[in-house]
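Report on the following structure.
What you see below is based on every heavy atom in this structure, not just the backbone, and it leaves out hydrogens, waters and symmetry mates. Below, chains carry the letters A, B, ... as their sequence lines are ordered, and counting in each starts from 1.
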Amino acid sequence: MSRVDLQTLNAPQRAAVLHDSGPLLVLAGAGSGKTRVITYRIARVVSGGVDPARVMAVTFTNKAAGELRQRAAQLVGQGARTAWIGTFHAICARLLRQHGQAIGLPASFQIYDGADQRALVVQVMREISLPERLFVPAEVLGRIDRAKNEGIGPRDFRGGDFFGDVVAKVYPAYERRLQAANAVDFGGLLLRTLELLRQETTLAEALAERFVHLLVDEFQDTNHVQYELVRLLSGRHRNLCVVGDDDQSIYSWRGADIRNILDFERDHADAAVVTLEQNYRSTQTILDAASAIIARNSERRPKRLFTAAGPGAPIIYAPCEDERSEAAFVAHAIARLRQEEGLPYDQCAVFYRTHAQSRVLEEALRARRPAIPHVVVGGVRFYDRAEIKDVLAYLRLLANPTDDLALQRIINEPPRGIGSATLAKISEQARLDGSSALAAARACATGTGELSSGPRAKLAAFCTLIDELSAAAATLPPSALAELVLERSGYGARLASDPGPDGEARAENLLELIGSLRAYEAQSEAPSLPGFLEQAALAGDLDETPEEHGAVTLMTVHGAKGLEFAHVFIVGLERGVFPHARSLDDPQQLEEERRLAYVAVTRARQRLYLCHARRRWLFGQQQVNAPSEFLTDVPRRLLQTESAFSGHAAAVTPRGAFDRSGVRGAARGATRPAGARGGGDQAEERWVDSDEDFDQSAGASDELTTNFRIGMRVRHAKFGVGSIRMIGGTPPHLNLTIHFGEVGPRTIRSEFVLPL
DNA sequence: AGTCCTCTTCTTTTT
DNA sequence: GAAGAGGACT
């Protein structure tokens, strides 16, 4: 291993790299050189004589896979190219393309992304007349996805509860539709691969024989199906190296099961375990803060990060009046860093819990005198933009004529006079014939059905268009085909004739699409339309992180995993924002939020800024939130408060005052006629308005009053306004007063005193 | 059939 | 505050 210098590794890292054979668990704390261990290990295995083509390394994101591939190539040279390095989804797609026929999947199958899945669920629900008002399609889909992640196919799915029984009706129909469209969804890529390996045991054995070494990155994020896949593929040689950090498990909502890493030793009795605790990234101060946050979780392997670096600068705590001054603070601080320390912008990053928070920050960065260059990573995926999806739908239909979803998307896009009435006839025809929508459209256009001549001619014209394009698809490279689609469909012309402000942006996006098609053709060995569509479907929204662009990076905490920056700002540290409101009443979800906070904090190398806003405009409403517990968990000695900014922070909400206009349900509900449609029923909302700065709250006074609104549903009346008082003394008591709004002349009000 | 407007709903995180 | 659905109007 010529270029692998073991001397640069610390003892446990070296142990992990040199571990010979058998299962290996590497518990890698944040910033402990995890990627290095993986790449060095690959290099060592290869230099030890193993054919790189017999090494598989699996990651979760395309970004991580790309980095791994690149760094492996640096160490082993071009031979690394033949190694199987990719995301679970990409590797499964590859296996299914090669061998999927055995389970009835044509090699040209399509990959449906989240949007496609949702559309499909809506269709199925309409088909079996499930009211969307009652059953939210996204939740139905969520349940289906969860089942898939747990390895439960449509046949094995049992509802178990009221909602589950509804899902049990949708799931099989949904799966049938997928099959009919020759499509596989994200979960299906994994589940069907598992199905394939279980059914085709010869194939499974051959693959297990082939892959001498299997490495899995971010093992804490594996779900049950992924775990099984790994188990099967590594079953022959048992050289399974899993790397992960239970404290950084932040994808349980996607089916990740933290138990996979916590129980690895139980499942592999002879597993070697290496723990990497030395951190090479952050200052001790930052690590202390991170430890203080994560220490409150119960489900974790105890470990303690340490660093040889000194304590470094204190963490800046910035309480702000509202989200705008919070954003202004961030912009101000970055500008100052730039001015006083000459810090490059790309050394700074701002993390938030949800994408919705990025807007204010962008505005604030743009508003500064010399505007601060910035990049927002993630958000709307490129391939999710409407115009891109439209053109892709044409391409998909050409690649796969049974893709009904694609047909429906473009049959009247651009408008060509084919409306809902015609569409209904087509789907009726498709149902009668048991054919695809495109075939049914052809039948309607040529047959003597009850379609009147006008629509029929329009439909015929559309069919001719598709025929013409399919003929071209046989000979043209994908990029030329896309151009032809734009030209012949009239899509390009329509876009050109629409010079709206974002019309230009959309035209640009289409050019970029053509560009990415060309890039794909240049870089791929055997470019094909299905190949490109696969790449597009599997592309994530944060695949390329432009760190070299000299710009401040704005992203969600989820997007930040695996990255590091010299200066990190975490904004919106408020109860209800981060931790997210939906996690507040579930201890397990709260633990995940905590891990998320841990991930955020450990991204910082030198300086960390923790911000929160007292008031925030959210849901189009002014809200008042208490500081996040993740903030208050950080020991005071690590913090330096910076409230001098803009003077707003000094303003304290008068005790007991509560802006009536902020009371959404009470104000609106009162004016709404009784018995109006029940659609307005809201999910529960809660947040707390604290009068006290959290800095002073502990011990400073024995009485603390906060106002709050609580949401509850009592028939159609909702929401209360109230106050909560902590009464000192031993034992301490809570005084809870709730106004349930006015009913006629009466105020409904309740008061409780609760011992703690 | 298409367009425009209003009303409603919903907001986590993503391969 | 945005996007989607549904309704009314052209």
query = Of the nucleotides B:dT13, B:dT15, B:dG2, which has the atom closest to the A:Trp253 side chain?
reply = B:dT13
Selection from C:dA2, B:dT13, B:dG2 that lies nearest to any side-chain heavy atom of A:Asn412 = B:dG2
task = Please tell me which of the listed nucleotides, B:dT15, B:dG2, B:dT11, lies nearest to the side chain of A:Arg582?
result = B:dT11
inquiry  = On the nucleotide B:dA1, are OP1 or OP2 found under 4.0 Å from the side-chain N or O atoms that A:Arg416 carries?
reply    = no
message = Rounded to whole Å, please give me the gap between CG in A:Asp145 and P in B:dT14.
response = 15 Å
query = Using the rule for Phe, Tyr, His and the six-membered ring of Trp, do A:Phe60 and B:dT15 stack at under 5.5 Å and under 30°?
reply = no
Electrostatic pair A:Arg296-A:Glu629, nearest N-O below 4.0 angstrom = no
request  = Scan A:Ala421 against the nucleic acid and name what it touches under 4.0 Å (heavy atoms): base, sugar-phosphate only, or nothing.
outcome  = sugar-phosphate
ask   = To the nearest Å, how far apart are A:Leu538 CG and B:dT15 C1'?
value = 7 Å
message = Would you say the ring centers of A:Phe578 and A:His612 fall short of 6.0 Å from each other?
response = no
query = Which nucleotide, B:dA1, B:dT13, C:dA2, lies nearest any side-chain atom of A:Thr422?
reply = B:dA1
query = What integer distance in Å separates A:Arg324:CZ from C:dG1:P?
reply = 10 Å
ask   = Separation of A:Lys458 atom NZ from B:dA1 atom P, in whole Å?
value = 8 Å
request  = Describe the nucleic acid contact of A:Gln226 in one word from base, sugar-phosphate, nothing, applying a heavy-atom distance below 4.0 Å.
outcome  = nothing
query = Among the nucleotides C:dA2, B:dT14, B:dT15, which one has an atom lying closest to any side-chain atom of A:Thr61?
reply = B:dT15
task = Find which nucleotide of DNA chain B each of A:His580 and A:Gln117 is nearest to by heavy atoms, and output the residue with the more 5' nucleotide.
result = A:His580
query = Under the 3.5 angstrom rule, does the side chain of A:Asn260 hit a backbone N or O of A:Thr222 as a donor-acceptor pair?
reply = yes
message = Please enumerate all residues that pass side-chain hydrogen bond (donor to acceptor under 3.5 Å, both in side chains) together with A:Arg324, with sequence neighbours excluded.
response = none
inquiry  = In whole Å, I'd like the distance from the CD atom of A:Glu323 to the P atom of C:dG1.
reply    = 10 Å
ask   = Do the ring planes of A:Phe186 and A:His89 sit parallel (below 30°), tilted (30 to 60°) or perpendicular (above 60°)?
value = perpendicular
ask   = Tell me, do A:Val601 and A:Ile570 make a side-chain contact under 4.5 Å, heavy atoms counted?
value = yes
Separation of atom CZ in A:Arg192 from atom C1' in B:dT15, rounded to whole Å = 19 Å
inquiry  = Once you apply a heavy-atom cut-off of 4.0 Å, does A:Ser583 come out as touching a base, just sugar-phosphate, or nothing?
reply    = nothing
query = Given atom CD of A:Gln220 and atom P of B:dT15, what is their separation to the nearest angstrom?
reply = 15 Å
All stems with DNA chain B, defined as three or more consecutive Watson-Crick or G-U pairs under 3.5 Å = B:1-10 with C:1-10
query = Roughly how many Å is it from CZ in A:Phe88 to P in B:dT14, rounded to a whole number?
reply = 19 Å
message = Given 3.5 Å as the limit, does a donor-acceptor pair link the side chain of A:Asp217 with the main chain of A:Gly244, or not?
response = no
remark   = Note: for A:Arg254 and A:Ala138 on DNA chain B, the residue whose nearest nucleotide lies more 5' is A:Ala138
request  = Identify whether the distance between the nearest side-chain nitrogen and carboxylate oxygen of A:Lys148 and A:Glu175 falls below 4.0 Å.
outcome  = yes
request  = Just compare B:dT15, B:dG2, B:dT13 and give me whichever is closest to any side-chain atom of A:Thr87.
outcome  = B:dT15
ask   = Does B:dT14 have OP1 or OP2 sitting under 4.0 Å from an N or O in the side chain of A:His89?
value = no
